[in-house]
Student: 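Here it is, the structure, as structure tokens.
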Amino acid sequence: MANNELLNKIKALNEWEALMEEARAEAEAIRDSLKQEMLERGTEELEVGQYMVRYQTIVTNHFNSSAFKKALPDVYKSFIRQGTSKRFTISA
């Protein structure tokens with residue numbers, strides 16, 4: 001692929017990503033307004049037409065690896081496994 005084609009693809013990618021970000025922001029604003037309405041009504045479930053909307057409190061438990069590492073560094077090291085990945089970036 002020629003450099004000119006690559007440049008056009010990068011520009012198109014930037015335009016699509018900007019459009020996706022705008023759409024994501026708009027969707028988040030709509031989501032936030034629905035959450036606010038549910039908070040004002042004091043409900044975690046709301047049936048609207050054929051839709052059931054839920055905004056519920058969920059309790060989760062997470063393993064505190066930082067505290068574990070500080071408390072038992074040798075044990076922590078014995079459970080570490082290394083992984084690899086590839087990162088794709090474009091910068092100007």
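For this chain, numbers begin at 1 and follow the sequence in order. Side chains included, hydrogens not; waters and symmetry mates left out as well; all remaining heavy atoms used.
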Student: Would you compute the distance between atom NZ of K77 and atom CG of L72 and round it to the nearest 0.5 angstrom?
Tutor: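 That separation rounds to 12.0 Å.
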Student: Under 3.5 Å, side chain of E17 to main-chain N/O of N14, donor-acceptor pair present?
Tutor: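 Such a contact is absent between E17 side chain and N14 backbone.
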Student: Would you say the side chain of T43 lies within less than 4.5 Å of the side chain of Y55, judging by non-hydrogen atoms?
Tutor: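 No, too far: nothing below the 4.5 Å cut-off.
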Student: Run the numbers on F68 and N64 for side chain to side chain contact (heavy atoms under 4.5 Å, CB included), then give the verdict.
Tutor: CA-CA 6 Å; F68 182 71; N64 187 339; over 6 Å; no
Student: If hydrophobic clusters are built by linking Ile, Leu, Val, Met, Phe, Trp and Tyr wherever their side-chain heavy atoms come under 4.5 Å apart, do M52 and L46 end up in the same one?
Tutor: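 No, separate clusters.
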Student: With clusters defined by side-chain heavy atoms of hydrophobic residues (ILVMFWY) lying less than 4.5 Å apart, directly or transitively, does M1 cluster with L7?
Tutor: no
Student: What's the spacing between F79 CZ and S65 OG if we round to 0.5 Å?
Tutor: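 Reported value, rounded in 0.5 Å steps: 13.5 Å.
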Student: In a table with atom names and distances, give each donor-acceptor pair under 3.5 Å that connects a side chain of residues 32-39 to protein atoms at least two apart or in another chain.
Tutor:
{"unit_1": "S33", "atom_1": "OG", "unit_2": "I30", "atom_2": "O", "d": "2.7"}
{"unit_1": "Q36", "atom_1": "NE2", "unit_2": "E40", "atom_2": "OE2", "d": "3.3"}
{"unit_1": "E37", "atom_1": "OE2", "unit_2": "R41", "atom_2": "NE", "d": "2.7"}
{"unit_1": "E37", "atom_1": "OE2", "unit_2": "R41", "atom_2": "NH2", "d": "3.4"}

Student: Are side-chain heavy atoms of Q56 and E45 found at a separation under 4.5 Å?
Tutor: yes
Student: Working to the nearest 0.5 Å, report the span between CD1 of I10 and CG of N3.
Tutor: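 Separation between the atoms: 9.0 Å.
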